[in-house]
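Only one structure is covered here, and it is reproduced in the block below.
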Amino acid sequence: MSRVVKKSPSVCTDLPLDNTDICNKLSLLKQLLISCFGPAGRLKQIHNNIGGRVISTSTSSVLLSALSSSQPFINLIRTSVLNHVSRFNDCGLFTAILCLTLLEQAKQSGLRRNVSIIVNKHLLGLCTSYLQGQNCGCKVKLDFCSSQYFITLAFSVISSKPACVLTEPEALHISKLAVQAFLLTVPCNNTGVARLGKTLTVCVEGHPVLDSAVFPGLLVDMPDIFFLNAENLHGRSLCTVLFSASLAGDLCELGDGNIELHGDADTDSQILDQLLELGKQVVQDGVNLFVCQKVIHPVLQQYLRGQSVTVIERLGISLMESLSQLAGAQPVATLHTRIPPKAYGKVKELTIKQFGSKTMLHIHPSGESAICTMILCHRNDTMLSELKVVCQKTEHVLRLTLREPCALMGGGCTETHLAAYIRNKKTHCLGIFCCSQTEYLLGAEGFCRSLESVAAALDHKCGNSLTDLTHAHYWTLPADVVEDHMENSLGVCGCGLVESCPSKKWTYLNTKYPEFSPAPVSKGTHLQVRVLDSFTSKLSGLQVAVETANLALDVQYIIQDTN
C-alpha cells in the first residue's frame with residue numbers, strides 16, 4: 001500500500017482569459033493560423049512527438065485535427081471550429097482567426113465581459129440580416145445557366161491551399177473538373193424527390209496534374225483484366241446483378257444459430273452445388289455483368305466466365321452503393337432464394353481505361369446517372385493527398401450553392417465591407433443595451449477591427465492594407481511603394497471587381513476614417529470577380545466565430561482532472 005499513488009486534486013483555473021499562459025498559447029495559435037491563411041499562406045509540417053508520419057498542410061481540417069493541447073480552453077475553441085469545418089468544409093481558418101481576434105480585442109478594450117458578449121451578439125445579428133438581405137453590397141447571385149461563377153468559386157477554394165503545389169493553369173484545370181463533376185452529380189430529369197449523386201476519386205501518383213479527368217459512370221480497379229470477355233464489353237444494354245453477401249462458400253455466411261451436420265454430409269460440395277445453381281439462374285436470366293461486394297468462389301467464377309459473363313469480385317462497400325445507383329439494381333443479400341426480377345439492373349457498356357500502372361474498367365450508365373469518377377494525378381503522394389482533400393471540400397462547397405445560390409466577394413472585401421457597414425449603422429443602435437454609449441461604441445470598434453484584421457491576414461508580404469471610402473473593398477499596397485504613387489500600384493481590389501482610379505480615396509485599415517454607407521458595385525462594370533467565398537460556409541463561420549468567442553468570454557472557471 002505504500003507504493004499506491006494518492007489521487008491528485010483537480011486543477012482549477014480562475015478567469016482563463018486573465019491567465020498569462022493561456023493568453024500566450026492563444027496568441028501563438030492565432031499566429032500559426034494566420035501564417036496559413038489565403039493563397040499566399042505558408043505550409044506547416046506537423047509531427048507527433050511520439051512518432052508517426054509528417055503531415056504537410058495549410059488546410060484547417062487537417063491542421064486543427066493534428067494539433068493537440070493539454071489546455072481545455074484551447075481545445076474548446078479548436079473543437080468548435082472543427083465542428084464547423086466538418087459541416088461546411090470551408091472557411092475554417094477564417095472562423096478560427098476571427099474568434100481569436102475577437103477575444104484579443106475584448107481583452108484589449110478593457111470592457112466588462114458581459115458587455116462584450118451583448119455587443120458581439122447584437123452586431124452578429126446586424127451582419128447576418130445584412131448578408132441575407134436583398135440589398136447586400138458584397139453578395140453575388142449565381143446563375144446556373146453559366147458555369148463562370150462556379151469555376152471562380154472552385155478556383156478560389158483550390159488556389160487557397162498552397163500545399164497542393166499547383167500552378168495557375170493546373171489550379172484552373174482542377175477547378176473546371178470539380179465543376180464538371182458537381183454538375184454530373186446533379187440529376188436533371190427526376191420527377192420525384194431529387195437525389196444527388198456521388199463523385200468517386202481515384203488517385204494516380206507520378207503523373208502530371210493536367211492528366212486529371214472526370215468520367216461519367218464508375219471506374220473500377222481491375223487487376224485481372226485479362227479475364228474479361230471481349231465480346232461482353234460492348235452492347236446496347238448489359239443486364240447486371242449485384243451481391244452484397246459473400247459467395248465464397250463459407251459456412252459463416254449461412255446465418256446465425258446452431259448448425260447440425262450428419263457424419264457423412266459433405267458441406268463443401270452442397271454449398272458449391274447451391275452456388276452453381278445460383279450461377280445457372282443468372283445465366284438463364286441473361287445476366288452479362290456479375291458483381292459481388294465480397295469474395296466469389298473460384299469454381300463459380302470459372303463457370304460464369306465460361307458462359308460469357310463478366311465477373312467482378314471484392315468491389316467493396318464504398319463502390320457498391322454507387323454501382324447500385326448507377327445500374328438501378330438492388331444488391332442481393334442472400335444466396336438461398338431465387339433472385340427476384342426487380343433486383344436486376346442495366347449498364348450501357350464496359351470499356352478499358354489505362355492510367356499509368358492502373359488498368360481500370362469503366363462502367364457506363366445506361367441512361368442518365370448522377371455517378372461520376374474523378375481521376376486525380378499529381379507528382380507525389382503528399383501533394384496528391386492534399387489535392388484529394390481539397391477537391392472533396394470543393395465539391396461540398398459547390399453543393400451548398402444548391403441550397404443558397406449566391407456567393408460572397410472574397411479576397412478580404414466582404415470583411416472590410418461589413419466593417420464599414422457596421423461603423424455606419426452603430427450610431428443608430430445606441431441606447432438599446434444595458435451599457436453606456438461609450439462601452440457600446442468601444443465594443444463595436446473592436447468588432448470592426450477584428451473583421452479588418454482577418455482581411456489584413458491575407459497579406460504575407462508585409463504590405464500595407466487599405467480600404468476605399470466608396471465601396472469599402474480591401475486593397476493591398478506593396479511595402480516599397482510610397483503614397484504618391486499609390487494609384488498606379490493598387491490595380492484592383494482583393495476580389496477583383498473594383499479598379500483603382502484618381503477619384504477614389506483610401507484609408508489604412510484599423511485607423512479612424514469618416515463613417516459612410518458602402519456603395520454596391522455598379523452592374524455595368526467591365527471587370528469580372530476573381531475571388532469568391534462560399535456564402536453558406538462564410539455566414540456559418542461568422543456565426544460560429546462570434547458565438548465561440550462569446551462562450552469563451554463567459555467561462556469563469558476551468559476544472560481539470562490531472563489523474
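- To the nearest 0.5 Å, the span separating CD1 on I352 from CG on L219 amounts to 10.0 Å.
- T95 contributes no side-chain N or O that, together with a main-chain N or O of A545, makes up a donor-acceptor pair within less than 3.5 Å.
- For the atom pair OG1 of T536 and CZ of R87, the computed distance is 11.0 Å after rounding to the nearest 0.5 Å.
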#### Entry: Working for side chain to side chain donor-acceptor pair (under 3.5 Å), residues T59 and K393
CA-CA 10 Å; T59 306; K393 291 180 178 298; over 6 Å; no
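- Evaluation of the ring pair (Phe, Tyr, Trp, His ring centres under 6.0 Å) test over residues 377-419, restricted to residues two or more places apart or in two chains, returns Y130-H417.
- Using modelled atom types, no side-chain atom of Q325 and backbone atom of A370 make a donor-acceptor pair closer than 3.5 Å.
- With rounding to the nearest 0.5 angstrom, the CH2 atom of W475 is 8.0 Å from the SG atom of C413.
- A salt bridge is absent between E404 and K139: the closest approach of a Lys/Arg side-chain nitrogen to an acidic carboxylate oxygen does not fall below 4.0 angstrom.
- With respect to P405, the side chain to side chain contact (heavy atoms under 4.5 Å, CB included) criterion is satisfied by exactly one of F144, F535, Y149: F144.
- Within 6.0 Å of CD on E168 lie no more than 12 heavy atoms contributed by other residues, nucleotides or ligands.
- Inter-residue side-chain proximity for T394 and I174 is flagged as unmet; no heavy-atom pair is nearer than 4.5 Å.
- Proximity of a side-chain donor or acceptor of S156 to a complementary backbone N or O of L532 within less than 3.5 Å is detected.
- The main-chain N or O of L76 is never found under 3.5 Å from a side-chain atom of T79 such that the two would form a donor-acceptor pair.
- A side-chain donor-acceptor contact under 3.5 Å links D143 to the backbone of C145.
- Proximity of a side-chain donor or acceptor of T416 to a complementary backbone N or O of A472 within less than 3.5 Å is detected.
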### Message
Assess the residue pair L408 and V140 against the criterion (side-chain contact (heavy atoms from CB on, under 4.5 Å)); give the C-alpha distance rounded to whole Å, side-chain angles, the decisive distance to 0.1 Å, and a yes or no.
### Response
CA-CA 6 Å; L408 292 173; V140 177; over 6 Å; no
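- R314 has its side chain within reach of V295: a pair of non-hydrogen atoms, C-beta onward, lies under 4.5 Å apart.
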### Query
Checking side-chain contact (heavy atoms from CB on, under 4.5 Å) for the pair K294/L247: CA distance, chi angles, key distance, verdict?
CA-CA 7 Å; K294 301 177 183 177; L247 300 179; over 6 Å; no
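- With hydrogens and angles ignored, the 3.5 Å screen pairs no side-chain donor or acceptor of S237 with any backbone N or O of K348.
- A side-chain donor-acceptor contact under 3.5 Å links K358 to the backbone of C203.
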### Message
Using the rule given for side-chain contact (heavy atoms from CB on, under 4.5 Å), can you reason through L32 versus L63, listing the C-alpha separation, both sets of side-chain angles and the distance that settles it, and then say yes or no?
### Response
CA-CA 10 Å; L32 187 149; L63 186 66; 3.7 Å; yes
### Query
Should H84 and S540 be marked as a side chain to side chain donor-acceptor pair (under 3.5 Å) after you check the CA-CA gap, both sets of side-chain angles, and the distance that decides it?
CA-CA 8 Å; H84 160 78; S540 172; 3.2 Å; yes
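- By the side chain to side chain donor-acceptor pair (under 3.5 Å) test, D459 pairs with no residue at all, sequence neighbours left out.
- Aromatic pair F355/F215: ring centres closer than 6.0 Å.
- Applying the side chain to side chain contact (heavy atoms under 4.5 Å, CB included) criterion to L82, with sequence neighbours excluded, gives L64, S65, R78.
- Looking at R42, its side chain does come within 3.5 Å of a backbone N or O of A40 through a donor-acceptor pair.
- By the 30° and 60° cut-offs, the orientation of the rings of H364 relative to H362 is tilted.
- For E547, the side chain to side chain contact (heavy atoms under 4.5 Å, CB included) partners two or more places apart in sequence, or in a different chain, are L124, Q543.
- Under a cut-off of 6.0 angstrom, the local environment of CG in N380 is crowded, with over 12 non-hydrogen atoms contributed by other residues, nucleotides or ligands.
- The side chain to side chain donor-acceptor pair (under 3.5 Å) check on S318 picks up nothing, with sequence neighbours excluded.
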### Query
Hey, mind stepping through E415 and K538 against side-chain contact (heavy atoms from CB on, under 4.5 Å) and telling me if it holds?
CA-CA 10 Å; E415 288 85 344; K538 195 145 203 175; 2.8 Å; yes
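- Of the inter-residue distances, the one linking Y421 atom OH with L451 atom CG reads 13.5 Å to the nearest 0.5 angstrom.
- Between the side chain of T401 and the main chain of L398, a donor-acceptor pair closer than 3.5 Å is present.
- Around the NZ atom of K176, the shell of radius 6.0 Å holds no more than 12 heavy atoms that belong to other residues, nucleotides or ligands.
- A 4.5 Å side-chain heavy-atom check between N89 and S61 finds every atom pair outside the cut-off.
- Annotation for E321: atom CD does not count as buried by contact number, only 12 or fewer foreign heavy atoms lying within 6.0 Å.
- Between L387 atom CG and Q392 atom CD the span is 10.0 Å, to the nearest 0.5 Å.
- Listed by chain and number, the residues in a side chain to side chain contact (heavy atoms under 4.5 Å, CB included) with R338 are Q281 (sequence neighbours excluded).
- Distance check, rounded to the nearest 0.5 Å: CG of D533 to SG of C138 gives 10.0 Å.
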